[in-house]
Engineer: 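Have a look at this one.
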Amino acid sequence: MSRELPPLNALRAFEAAARLQSVSQAAEELSVTHGAVSRQIRALEEQLGMALFVKDGRGVKLTDAGVRLRDAAFDAFERLRSTCADLRRQGEDAPFVLACPGSLLARWFIPRLDRLNRELPELRLQLSASEGELDPRRPGVDATLCFASPPWPADLQVYELAAERIGPVFSPRHARAAELARAPASVLLGEALLHTVSRPQAWPQWATRQGLGAAPLQLGQGFEHLYYLLEAAMAGLGVAIAPQQLVADDLTAGRLLAPWGFTATGGRLALWVPGRRGDRRAERLAQWLGRELGG
């Protein structure tokens, strides 16, 4: 059996057309004509001895063979794209791209950024903030810093940095700050609690671990992101709940109070790195983060 590959241009044209489900869009992506893509696909079909597309109304659809080849071609080209992007980024002058949630970036990372740049100048760190679902495998990112819970994916190298601990916080500007500071945690069952829509389980999780039960909780104003939630708490608008690391500086400065302490969630603040070799920058960053977090 021949192990010779079909022409890569034909495979590339087929992969684009199959992925986009359109010969026209494939031609636009590849900056060639519609006819050029069609000829490459026909040549590929002739070499393989089978149809990859069939007519479907005014368009086309993949045959079973086409689906198999599409999946294999997509994986192969995606790995090539990702590897080439990694090699470009790992050049001598390439920055190290770190993705993390915007709230973690604003409240913990940026206050320490000057020290990191002084202590790890060779890193040339570039930060990428997001409040959505973070994908540590996406092209263009060297590592991702976020809170998550094990088990960890087998295809990622994960550096566990610190246990996640969450707790209620409020500002001295709160109208009942003095009363709340002296009261037991059960006083919060009568409060309209500030919360985030991105993590609705935070308050119930904390209340359950405190032995209070989640059912009596009263949720008040909601916010899309944790950053806005904590800004509201510091403005004295109510009691919020947050990871200890994100409010540590505010507690030290007296901008927030946490009289009931913090409770472990089972999650971890961790640095996620795609499983590749030859780049020690992630290891050095993980060591620095661990020292900063006291771990």
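For clarity, every value in this text was computed on a predicted model and none was experimentally measured.
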Engineer: Could D249 and R255 be called an ion pair, given the rule that one side-chain N must be under 4.0 Å from one carboxylate O?
Structural biologist: no

Engineer: Would T196 and E224 count as having a side-chain donor-acceptor pair, cut-off 3.5 Å?
Structural biologist: no

Engineer: Taking C-beta and beyond as the side chain, do F14 and R70 meet within less than 4.5 Å on heavy atoms?
Structural biologist: yes

Engineer: Considering residues, nucleotides and ligands other than E28, do more than 12 of their heavy atoms fall under 6.0 Å from its CD?
Structural biologist: no

Engineer: According to the interplanar angle, ranging from 0 to 90°, do the rings of W203 and W206 count as parallel (below 30°), tilted (30 to 60°) or perpendicular (above 60°)?
Structural biologist: perpendicular

Engineer: Indicate the atoms forming the closest heavy-atom contact of R268 with A163, along with that distance.
Structural biologist: CD-CA, 4.0 Å

Engineer: Which atom names give the shortest non-hydrogen contact between R209 and T265, and what distance separates them?
Structural biologist: NH2-O, 3.2 Å

Engineer: Start with the C-alpha gap between R284 and E122, add the side-chain angles, then the distance that decides, and say whether salt bridge (Lys or Arg N to Asp or Glu O under 4.0 Å) holds.
Structural biologist: CA-CA 10 Å; R284 292 196 292 271; E122 73 283 1; 3.2 Å; yes

Engineer: Between L188 and F170, does a side chain to side chain contact (heavy atoms under 4.5 Å, CB included) hold up when you go through it step by step?
Structural biologist: CA-CA 11 Å; L188 296 182; F170 59 91; over 6 Å; no

Engineer: Quick one: CD on E119 to CZ on R291, what's the gap to the nearest 0.5 Å?
Structural biologist: 6.5 Å

Engineer: Looking only at atom types and distance, does a side-chain atom of S171 sit under 3.5 Å from a main-chain N or O of M234, one as donor and one as acceptor?
Structural biologist: yes

Engineer: Under 6.0 Å from the CD atom of E78, do we count more than 12 heavy atoms belonging to anything else shown?
Structural biologist: yes

Engineer: Could you check whether any side-chain heavy atom of K61 comes within less than 4.5 Å of a side-chain heavy atom of V54, counting everything from C-beta outward?
Structural biologist: yes

Engineer: Are the side chains of L123 and L116 in contact, using a 4.5 Å heavy-atom criterion?
Structural biologist: yes

Engineer: Quick check for you: to the nearest 0.5 Å, what is the distance between R107 atom CZ and L230 atom CG?
Structural biologist: 4.5 Å

Engineer: Please assess E164 against I166 for the test side chain to side chain contact (heavy atoms under 4.5 Å, CB included), listing each intermediate value before the final yes or no.
Structural biologist: CA-CA 7 Å; E164 181 186 41; I166 61 173; 4.3 Å; yes

Engineer: Determine whether W260 and V169 satisfy the following criterion, side chain to side chain contact (heavy atoms under 4.5 Å, CB included), listing intermediate values before the conclusion.
Structural biologist: CA-CA 8 Å; W260 306 287; V169 295; over 6 Å; no

Engineer: Is L289 reachable from I110 through a run of I, L, V, M, F, W or Y residues, each pair having side-chain heavy atoms under 4.5 Å apart?
Structural biologist: yes

Engineer: Flag the pair R19 and E29 as a salt bridge only when some basic side-chain nitrogen lies within less than 4.0 angstrom of an acidic carboxylate oxygen.
Structural biologist: yes

Engineer: Can you measure from OG1 (T63) to CD (E45) and round to the nearest 0.5 angstrom?
Structural biologist: 7.5 Å

Engineer: Quick one: CG on N117 to CZ on R112, what's the gap to the nearest 0.5 Å?
Structural biologist: 14.0 Å

Engineer: Given side chain to side chain contact (heavy atoms under 4.5 Å, CB included), test F96 with L120 step by step and report yes or no.
Structural biologist: CA-CA 11 Å; F96 185 91; L120 296 179; over 6 Å; no

Engineer: Can you check whether E160 reaches W152 side chain to side chain, under 4.5 Å on heavy atoms?
Structural biologist: yes

Engineer: Is D114 salt-bridged to R118, going by a charged N under 4.0 Å from an acidic O?
Structural biologist: yes

Engineer: Quick one, V239 and L194 - any side-chain contact, counting heavy atoms below 4.5 Å?
Structural biologist: no

Engineer: With the side chain counted from C-beta on, respond yes when F147 and Q245 share a heavy-atom pair under 4.5 Å apart, and no when they do not.
Structural biologist: yes

Engineer: Quick test of your reading of the model: are R280 and E283 salt-bridged, counting only N-O distances below 4.0 Å?
Structural biologist: yes

Engineer: Report whether V67 and F74 are members of the same hydrophobic cluster (ILVMFWY, side-chain heavy atoms less than 4.5 Å apart, transitive linking).
Structural biologist: no

Engineer: If Ile, Leu, Val, Met, Phe, Trp and Tyr residues are connected whenever their side-chain heavy atoms lie under 4.5 Å apart, and connections chain through other members, are V187 and L237 in the same group?
Structural biologist: no

Engineer: Nearest 0.5 Å, please: how far is CG in L145 from CG in L105?
Structural biologist: 9.5 Å

Engineer: Do L193 and L256 share a hydrophobic cluster, counting only Ile, Leu, Val, Met, Phe, Trp and Tyr and linking them when any side-chain heavy atoms are less than 4.5 Å apart?
Structural biologist: no

Engineer: Distance alone, cut at 3.5 Å: any donor-acceptor contact between the side chains of Q157 and W272?
Structural biologist: no

Engineer: So T144 and V273, do their side chains get closer than 4.5 Å, heavy atoms only?
Structural biologist: no

Engineer: Determine whether L156 and L98 fall in the same hydrophobic cluster, where Ile, Leu, Val, Met, Phe, Trp and Tyr are linked whenever their side-chain heavy atoms lie under 4.5 Å apart.
Structural biologist: no

Engineer: Would you name the heavy atoms of A214 and P204 that are closest together and state the gap between them?
Structural biologist: CB-CB, 3.7 Å

Engineer: Out of curiosity, L44 CG to N9 CG, how far, rounded to the nearest 0.5 Å?
Structural biologist: 11.5 Å

Engineer: Identify the heavy atoms of A242 and F262 that sit nearest to each other, and give their distance.
Structural biologist: O-CE2, 3.9 Å

Engineer: List the steps and the verdict of side-chain hydrogen bond (donor to acceptor under 3.5 Å, both in side chains) for W108 and E292.
Structural biologist: CA-CA 10 Å; W108 190 87; E292 285 293 310; over 6 Å; no

Engineer: Quick check: closest heavy atoms across A232 and F223, and the distance to 0.1 Å?
Structural biologist: CB-CZ, 3.4 Å

Engineer: For a 4.5 angstrom cut-off between non-hydrogen side-chain atoms, does L11 reach F77?
Structural biologist: yes

Engineer: Which atom names give the shortest non-hydrogen contact between V37 and A27, and what distance separates them?
Structural biologist: CG2-CA, 3.7 Å

